[in-house]
Amino acid sequence: MVTARTLESKLASLYKAGKIVGGVYIGPGQEAVSASIGSCLTWNHDIFGALIRDQGGRTAFGEPMLDATRSYLGSVQGPSRGRDGNIHRGHPTEGFPAMISHLGAMISVVAGMLFARRLQGRLDGIVGAASVGDGASSTGSFHEAMNLAAVENLPLVVILANNQFAYSTPTDRQFACRSLVDRALGYGIAGHEVDGTDLLASLEVVSKAVADARGGGGPQLVVANLLRLSGHGEHDDASYVPESLKNSPLGRDCMAVAEQQLLAAGFLTEPEIEAWKTEAAEEVQAAVALAQQEEAPDPFKDDWIVYASSELAEES
Amino acid sequence: MVTARTLESKLASLYKAGKIVGGVYIGPGQEAVSASIGSCLTWNHDIFGALIRDQGGRTAFGEPMLDATRSYLGSVQGPSRGRDGNIHRGHPTEGFPAMISHLGAMISVVAGMLFARRLQGRLDGIVGAASVGDGASSTGSFHEAMNLAAVENLPLVVILANNQFAYSTPTDRQFACRSLVDRALGYGIAGHEVDGTDLLASLEVVSKAVADARGGGGPQLVVANLLRLSGHGEHDDASYVPESLKNSPLGRDCMAVAEQQLLAAGFLTEPEIEAWKTEAAEEVQAAVALAQQEEAPDPFKDDWIVYASSELAEES
Amino acid sequence: MGEVTYIDAIREAQHDLLAADDRVFIYGQDVGHFGGAFKATRGLKDLFPDRVIDSPISEDAMIGLAVGASIEGMRPIIEMQFADFSSVGFNQIVNQAGTHFYRTGIPAPITVRLPSGGTPGSGPFHSQMMESIYAYYPGLVVVTPATVTDAYSMLIDAVALDDPVLYCEHKFLYRWLKSDQLKDDEEHLPIGQARIVRTGKHASVVAYSAMVHEALRAADLLAEEGWEIEVVDLRSVKPLDTDTVMASVARTGRLLAVGEAFPWGGVTAEIVSRVTNDGFHLLDAPPQRLNSRDTPVPYHPNLWEAHRPTLESISAAIRNLLQF
Amino acid sequence: MGEVTYIDAIREAQHDLLAADDRVFIYGQDVGHFGGAFKATRGLKDLFPDRVIDSPISEDAMIGLAVGASIEGMRPIIEMQFADFSSVGFNQIVNQAGTHFYRTGIPAPITVRLPSGGTPGSGPFHSQMMESIYAYYPGLVVVTPATVTDAYSMLIDAVALDDPVLYCEHKFLYRWLKSDQLKDDEEHLPIGQARIVRTGKHASVVAYSAMVHEALRAADLLAEEGWEIEVVDLRSVKPLDTDTVMASVARTGRLLAVGEAFPWGGVTAEIVSRVTNDGFHLLDAPPQRLNSRDTPVPYHPNLWEAHRPTLESISAAIRNLLQF
Ligand SMILES: Cc1ncc(C[n+]2csc(CCOP(=O)(O)OP(=O)(O)O)c2C)c(N)n1
Ligand SMILES: Cc1ncc(C[n+]2csc(CCOP(=O)(O)OP(=O)(O)O)c2C)c(N)n1
Ligand SMILES: [Mg+2]
Ligand SMILES: [Mg+2]
């Protein structure tokens, strides 16, 4: 999560400097939850449908940092060769699907990946996770996928980060239930709720949900409560977020909380944390520098082919 | 509900005789619930989004019987002049929207009608009801509309008839929760569950839900458990319905139960019931006979205009 | 006329696909023991219990599931109960499946079966032709089999293809169209190629799906008057086989494009545009189009018959074309 | 160039609509105090607190709600955050709103605002043109304003219309396009009428939305070479003003239809088909089309610029057309 925070801070400042192609959507405040799920999953074994606030989880899951910098900086060597951008990157055949923008739409894709593995007899011990936000919970896509996963009893863990806002929209314009975890009952699946600003708590709850899914317990819904500590995107100053919320327990920065927790528990020392941050900064710097040197996509070199069966291509 | 059962039996036999234009979808076994909601609502005051199993509710709400017979028998005098058929009929400006086939899609329309009335300052004492089935609960449309109605705190009563099947699909392939009433919690709305084969119980629960909505209690979800006593449509022999289910309490015919209840309670006598049935039969016969005499739509007389703003019509 | 119907061909193709390839599975409402609303999967659940699966009524999630499964190497077939209901799976089809290969380089080979087109008394929501909607979007393949043997072989080929395919099967043909064979190896054409189903020299009628048969009937009628009408069955509307159409127009000098779909845009407009763009000099008369009327598909049979092209209106359009 | 931008015009139109008519309300994600993702509703919540409402992220229900409200006599404006996301409200738009008047005789006057089209770096899901998809369906009106004054007056007219309108506003024009006036009563045209925005005699370029401006730039360029190019702004793609297009082609004998949308079917095919169908004899050269490429809209600006028609590609297409 240190790496993620460092990378995203860098991306945000590159954005401000006009060096980024497209928008920048980052996840400060959500690293604890996101890294928790990412670290419970194994690359090329489990499945992780990450979304826009998931740099923490992406890094923990094992996404190469160059995927990020290449995407944001418009290198043709990025995972999608400049065809798609910033956060829509993945390695679908390594358990890491590439998100589309339509909220809620990736949950059923992760469900389908799990479903395939069951048919192929290789589902044992596998978990698929999918992230969504409070806003995405209002989509029909979310509902259909949750219900389908429940009916098919798939080992799906849905991490719902309730960061109090969908863009500018507060939760009271998004849902009327006490907590979104109450949806679990209506799907007949397990529900968990956690303080997402608390790394240790998040790790514990997410690990349990993942273990339960792995053990055959069916779909799990984890609702993490926290506050988005950035704008919706870097273009947004988030001035609509009330001070009272920022100063509430929800507004704690999970990074600061985690540092204190780790220090207090004696897991890490201050110098170790500093060393970690320095290392992350160097890694980020290197990945940015490399991506910046790489070529941008060239329309004359792109094949513009949209079909996998290239014999179907018509001239255009 | 006697009228509804009589009408639908007649339609079913007309279907078998090849006299019906299109399919026939009827609601035997659901009259108690459907009539309960229909009778709690006032025509041209409240709103009722009826679906395919709602003849009971349609009649109780006040739909003219000729609307049905004209639609099924293909009279050009039907509410949609032959443009749409059988069950897709309504009187939208009298609180009775005309359903489209896509399951779940009418709930938000009813919500919108209520929403409009609030803006217009004429929502006081009004209720809007919408019917759905167990299968429709799996649609994204259902979810979005339920959640939106909850957020807007609309006086919407959703009657979910869990008739154990969606076409041939049993409930264990449709949802994994204990009861669909558990969805209410996840929307933050009131939930009610009732034995839909029991008229008095249905009336009581539905009346309460309607009263609560009218009284400002926000959306209400009523789940009625019963068994579809017909095929999905009249073309379907429903041979997939297990005998055990037919012989279970869910398989009781609400009409028979209601007769006994009313007789036992002394509300009605046998002769009164017989008279009622005879009257219904005569009414149905007259409506069928009239519709059968009327002209079918004539393509040369239809104006084929699709826009309300007729100046937009292009020649075609 | 033989004994094999168009719906038989769809059922047999699915049987043979399931039997030949473990990667194939069928997911859809009521496709299990019930055999599907149109019996296209009759008996398949008994033979392949794990791979013929009843879905909840969740078209969006059904397509999402298929895309996910395809990424993992499966070859899902999704049955929509009616093409019209794919409107609620639309986003996953066009934005998830359609863009997947382009964005990631990883194929998403799903086949979505769309029971399409009108039958009398079906009305606005059980009669739609959706091929033009899907053909608009990059990355999708859209096929429209018109014969029993094409219904069989194009479904086999669709599932074999590494791209998402919308397989538009016409409900009117299900039991009406019969053949004495299921496959025709000699006449087999790959997806993307049109077929000249009747040769002629006075005009070319380009049609697809059920309209091929109406066009053939019109050609028969006009033959009695001495006109030789060529009929082209497009077979797939995307990709669209411009070469075959153009070669036909080169022979006849006259073009009528016929479709059962709504008249704005769509297949017939695409055909006419392509031909006039590249084959303007071949044309001896203005190319014509015939589509349904620009209203929802009406319910009552009297209106329905006047809504879509028929033997009469196609014949009239051909006569009109020949008069230039 | 004045001070009123295209997005100002949209904002002002909504202001004036809300001020003039109690039946009007705006429902959409973040349209309230935030003023919308593009600030099209900036300040309106303060002025009309009950009638400018933040919605949950539920496009299907948002459209359903609008249809219901319209039946009850309201005039809802639904803002989609991006046109691309209307794909999940698609069913309610085409099947609920589009069929309502036809089926029931009761109008469903809703206006759906679709922030459309590409800007560099927006990628496959924030750049789509969806006018052709909606124009295909009977019962919908689809408008594509290209100027500041049209952005204003067509939104006013859309809300006044008794039919469902898809109002396709182009994001590229939002802040780039400026005018010194908001309305132009003298030049006002009703929905359904195209406008000749530049007269010429050698060729007609028919365009809409942002492409009108590219076409005008191409016409400027060709003027330097002595060619007089007529440019037609369609303004509404459904209904489509065949008469104005045909009259232009009658003057010039040459047609190029330009759109930013995907190339299969759609507006340009419809134009070419109509012109060749009824105006074949007017044509001195094969009518041409220019659209985007047949791939999703690419993210990287280098690819994006090569994906859609540009000054260069339009000019090349015109030169090609003039050579016949
Ligand atoms: C179906 C759909 N509608 C609208 C949008 C536009 N949009 C992008 S992000 C966003 C807010 C998402 O909020 P939430 O799900 O809470 O996630 P967060 O951004 O807070 O992490 C919206 C409305 C979208 N991507 N998809
Ligand atoms: C979105 C959508 N998908 C599929 C269908 C086809 N269909 C019509 S009725 C039906 C079953 C509905 O089951 P349920 O909601 O339980 O209602 P019931 O028929 O049992 O009253 C299906 C699948 C449809 N109408 N809409
Ligand atoms: Mg959020
Ligand atoms: Mg049911």
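Every chain is numbered from 1, with letters handed out A, B, ... down the list of sequences.
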Does any backbone or side-chain atom of [X] lie under 4.5 Å from a heavy atom of chain B? Answer side chain, backbone, both or neither.
X         : result
Pro56(D)  : side chain
Ile106(D) : side chain
Gln92(D)  : side chain
Val88(D)  : neither

Which atoms of [X] are under 4.5 Å from chain D, going by heavy atoms: the side chain, the backbone, both sets, or neither?
X         : value
His88(B)  : both
Pro79(B)  : backbone
Leu119(B) : side chain
Met146(B) : neither
Arg122(B) : side chain
Arg117(B) : side chain

Task: Side-chain donor or acceptor of Tyr307(B) paired with backbone N/O of Leu140(D) under 3.5 Å - done: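 Pair found, side chain donor or acceptor close to backbone of Leu140(D).
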Open item on the list: Whether the side chain of Gln96(D) engages the backbone of Val109(B) through a donor-acceptor N/O pair (distance < 3.5 Å, no angle test) should be reported.
Closed with: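 No, the answer is negative, given that no donor and acceptor are paired below the 3.5 Å cut-off.
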Which atom of [X] lies closest to which atom of [Y], heavy atoms considered:
X         : Y         : value
Ala61(D)  : Glu144(B) : N-OE1, 3.0 Å
Asp163(D) : Ala308(B) : OD1-N, 2.7 Å
Ser309(B) : Leu161(D) : OG-CG, 3.6 Å

Open item on the list: Tell me whether the rings of Phe115(B) and Tyr27(D) are parallel (<30°), tilted (30 to 60°) or perpendicular (>60°).
Closed with: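 Phe115(B) and Tyr27(D): perpendicular rings.
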Open item on the list: Please check if the number of heavy atoms outside Asp124(B) that lie under 6.0 Å from its CG is greater than 12.
Closed with: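 No.
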Open item on the list: Heavy-atom pairs under 4.5 Å with chain B: which of Pro107(D), Gly139(D), Pro138(D) has the most?
Closed with: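 Result: the option with the highest number of such pairs is Gly139(D).
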- [ ] Flag the one option from Asp50(D), Ile63(D), Val141(D) with the top tally of heavy-atom pairs under 4.5 Å to chain B.
- [x]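 The answer is Val141(D).
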- [ ] Could you check which of Gly128(B), Ala98(B), Ala145(B) has the highest count of heavy-atom pairs closer than 4.5 Å to chain D?
- [x]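 Maximum pair count with chain D is reached by Ala98(B).
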Open item on the list: Counting heavy-atom pairs under 4.5 Å with chain D, which one of Gly95(B), Gly112(B), Gly140(B) comes out on top?
Closed with: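 Heavy-atom pair counts peak at Gly112(B).
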Open item on the list: Between Thr139(B) and Asp60(D), is there a side-chain heavy-atom distance shorter than 4.5 Å?
Closed with: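 They are not in side-chain contact.
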TODO: For the residue pair Ile53(D) and Glu152(B), establish whether any side-chain heavy-atom pair is separated by less than 4.5 Å.
DONE: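 Ile53(D) reaches Glu152(B) side chain to side chain.
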